[in-house]
Amino acid sequence: MGKPTGFLEFTRELPKKRDPQQRIHDYKEIEVQFSEQDSQRQAARCMDCGTPFCHSGCPLGNIIPEFNDAVYEQNWAYAYEILASTNNFPEFTGRICPAPCEASCVLGINKPPVAIEFIEKSIAEVAFEHGYIIPKPPKERTGKRIAVVGSGPAGLAAATQLNKAGHTVTVFERADQIGGLLRYGIPDFKLEKWTIDRRLAVMEAEGIIFRTSVNVGVDLKANDLLEQFDLIMLTGGSTVPRDLPIPGRDLKGIYPAMEFLSQQNKRNANLPVEVDHRGEKYADGDLWAANKNVVVIGGGDTGSDCVGTSNRHGATSVTQIELMPMPPKDRAENTPWPNWPMMLRTSTSHEEGCDRHWSINTKEFVSDGNGNLKAMRIVDLTWKNENGRMQMVELPGSERDIPCELALLAAGFLHPQHNGLLDDLGLEYDERGNVKATNYQTTTNPNVFSAGDMRRGQSLVVWAISEGREAARAADCYLMGESTLEAKAVSMIEVA
Ligand SMILES: Cc1cc2nc3c(=O)[nH]c(=O)nc-3n(C[C@H](O)[C@H](O)[C@H](O)COP(=O)(O)OP(=O)(O)OC[C@H]3O[C@@H](n4cnc5c(N)ncnc54)[C@H](O)[C@@H]3O)c2cc1C
Ligand code: SF4
């Protein structure tokens, strides 16, 4: 333990954020640099409590007290070694993880928890800066060929681990660039895309082959894939958005959030915006929020990203509505420490300006008479507990129209796309429509594995990395009879 009295001497501090009025004019990261000394002071707050719940709060099982100690000792190379033993991409999780580890930090019982996420980011950035992250190709190749389909965090983690085990890995991606939702979903102001390119350069130098603009199932048929590779790892994400089929849905001005967000990612990368990242035409070639009243339907992360992007476009007003009731301001009683707390979360995008409303249902999209969206008809709800199930009831007389020329549907994703590759492979689906797999191996074809949102359902980057790593280990065991890849320490606390 670095500093026994650190938690008594230092308070929790996070990197400063740029002023909202300044940052809404660009897509650069919001937090300013955290110095090595700041990180050291924050790491000194770790109590080395003996039973580190943070370790099991992290879906990757990150060995947090040990890397905190190494940071306190300013032994950054060792801190990175510890962190990289469980997490392939701390530069991503250190920026965009909701940090369930912090919710289960023992210090957090009666003081603000250790700033684990930002310590993690610091370790990754110092490691890149000091040259501790260098390509490490495997010494020997096994001769086994593996296709990874989908290049989000699950696919990238699986590819890194399988390559490390000596297999020859090709990653197929139907979009024109690698990264999945890291690239075409999560806004640049949360994750600048050079961070992905920097990591891809390391992976390529380690021998991983990347093939973009290949829609597997269409450009490369399922049977050809099975013939050409010894094992298929499916990490195609959860891509079918939840729609809102109410009157007026066909009006111009209503779009899935992903269309809006990925188009802005393309703009930031100076790529043409008329077609989407897969080369297909957008419904609106220049989906733009300036001078519009924007309503974001859905209170989650995707919705919050639409809020931040709409403000950057210069929207007249931005409103976010949610069907469910407003969560409590503090940890709800039914999610006590060390669980992931059910509570109100205010993102940096919300801080930049947004009207948030809960317990609202959308009844109709209202036309201006020329086929364009003019308003949204909404109604207030109350929620009643009937035999343990929450039932929504409309409040009589609360129906009203709110001005809206741009409605963004951010109500989540249903499951992966079935038609095409998955159906062609003859896979089974679970009750939610995700790929059914036991220990990541699909139930109908032993040579086909699946991980990430495609198997788990819509989740988090940290879970995608965890799934990719675990699936790689299971696949390596299947191919070789045993695996030298690291096994995860058991994670006990479920989040998202
Ligand atoms: C807007 C938004 C914001 C988010 N913000 C956060 C956040 O701040 N923090 C966080 O932890 N999580 C966040 N998430 C969730 C997180 O991004 C996902 O859980 C994670 O990316 C899932 O990783 P994945 O690798 O399973 O799939 P994805 O990242 O979805 O990648 C799947 C890839 O597979 C490709 N693919 C699919 N089918 C084929 C095919 N047939 N052939 C070739 N390629 C194919 C797709 O094009 C895609 O690139 C966010 C999600 C969204 C939508
Ligand atoms: S990956 Fe997320 S949960 Fe795990 S230690 Fe980092 S911030 Fe915490």
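Every number for a ligand or one of its atoms is a count from 1 in the order of the listing.
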Heavy atom to atom 8 (O) of ligand 1, shortest distance: which of K190, R174, E173, R95 holds it? K190
Short N-O contact, E102 and R12, less than 4.0 angstrom: yes
Using a distance threshold of 2.8 Å, state whether an N, O or S atom of C101 lies below it from atom 2 (Fe) of ligand 2. no
Identify the closest protein heavy atom to atom 18 (C) of ligand 1: which residue and atom is it, and at what distance? D453 OD2, 3.3 Å
Proximal atoms of ligand 2 relative to N62 (non-hydrogen, under 4.0 Å): 1 (S), 4 (Fe), 5 (S), 6 (Fe)
Backbone, side chain, both or neither: what part of T235 comes under 4.0 angstrom of ligand 1, heavy atoms only? backbone
So if I apply the side chain to side chain contact (heavy atoms under 4.5 Å, CB included) rule between M233 and each of V171, V169, V448, V148, which one comes out positive? V148
Tell me the protein heavy atom at minimum distance from atom 42 (N) of ligand 1, and give that distance in Å. V216 N, 3.0 Å
Specify the protein heavy atom at minimum distance from atom 34 (O) of ligand 1: its residue, its atom name, and the distance to 0.1 Å. G150 CA, 3.1 Å
Nearest protein heavy atom to atom 25 (O) of ligand 1, by residue and atom, and its distance? A154 N, 2.9 Å
Note: V149, heavy atoms under 4.0 Å from ligand 1, region reported as side chain
Minimum-distance pair of heavy atoms, taken over all atoms of N265 and G185: OD1-N, 2.8 Å
Identify whether the distance between the nearest side-chain nitrogen and carboxylate oxygen of R469 and E486 falls below 4.0 Å. yes
For atom 2 (Fe) of ligand 2, what's the nearest protein heavy atom and its distance? C97 SG, 2.3 Å
Which atoms of ligand 1 sit under 4.0 Å from any heavy atom of G452? 26 (O)
Decide if the gap between the ring center of H415 and the ring center of Y429 is smaller than 6.0 angstrom. no
Please name the atom of E120, restricted to N, O or S, that is closest to atom 6 (Fe) of ligand 2. OE1
For residues Y478 and F449, establish whether the separation of their ring centroids is below 6.0 Å. yes
heavy-atom search around atom 4 (Fe) of ligand 2 in the protein gives C58 SG, 2.3 Å
Does the residue I178 have a heavy-atom contact with ligand 1, meaning some pair of atoms that are separated by less than 4.0 Å? no
Single hit among K121, E117, E120 for side chain to side chain donor-acceptor pair (under 3.5 Å) with T93: E120
If the cut-off is 4.0 Å to any non-hydrogen atom of N215, which atoms of ligand 1 fall inside it? 40 (C), 41 (N), 42 (N)
Identity and distance of the protein heavy atom lying nearest atom 3 (S) of ligand 2: P100 CD, 3.5 Å
Using a strict 4.0 Å cut-off to heavy atoms of V214, name the atoms of ligand 1 that fall inside it. 42 (N), 43 (C)
Under 4.0 Å from a heavy atom of A464: give me the atoms of ligand 1 that qualify, with their elements. 22 (C), 23 (O)
Look at E73 together with K3 and state whether they make a salt bridge at an N to O cut-off of under 4.0 Å. no
Salt-bridge contact K281-D276 (side-chain N to carboxylate O under 4.0 Å): no
Look up atom CG in L182 and atom CD1 in I196, then write down how far apart they are to the nearest 0.5 Å. 5.0 Å
Please check if any side-chain donor atom of H313 sits under 3.5 Å from a side-chain acceptor atom of S310, or the reverse. no
Determine, for R183 against E173, whether the closest basic-nitrogen to carboxylate-oxygen distance falls under 4.0 angstrom. no
Considering only heavy atoms of L261, which atoms of ligand 1 have at least one such atom less than 4.0 Å away? 1 (C)
Does M258 have a non-hydrogen atom less than 4.0 Å from ligand 1? yes
For atom 3 (C) of ligand 1, closest protein heavy-atom neighbour: D305 OD2, 3.0 Å
Would you check whether Y184 reaches within less than 4.0 Å of ligand 1, judged by its heavy atoms? no
Hey, which atoms in ligand 2 end up nearer than 4.0 Å to a heavy atom of V462? 1 (S)
Quick one: look up the protein heavy atom nearest atom 6 (C) of ligand 1 and list residue, atom name and how far away it is. I186 CD1, 3.8 Å
protein heavy-atom neighbour closest to atom 37 (C) of ligand 1 works out as G236 O, 3.2 Å
Tell me the protein heavy atom at minimum distance from atom 29 (O) of ligand 1, and give that distance in Å. L181 N, 3.0 Å
Closer than 4.0 Å to some heavy atom of I64 - which atoms of ligand 2 meet that? 5 (S)
Carboxylate-amine/guanidinium proximity below 4.0 Å for E352 and R23: yes
Under a plain distance cut-off of 3.5 Å, with no hydrogens placed, do H167 and D476 share a side-chain donor-acceptor pair? yes
Please classify the P153 to ligand 1 contact at 4.0 Å (heavy-atom distances, strictly less than): side chain, backbone, both or neither. both
Whether R198 engages the ring of F128 as a cation-pi pair (distance to the six-membered ring centre under 6.0 angstrom, angle to the ring normal within 45°) should be assessed. yes
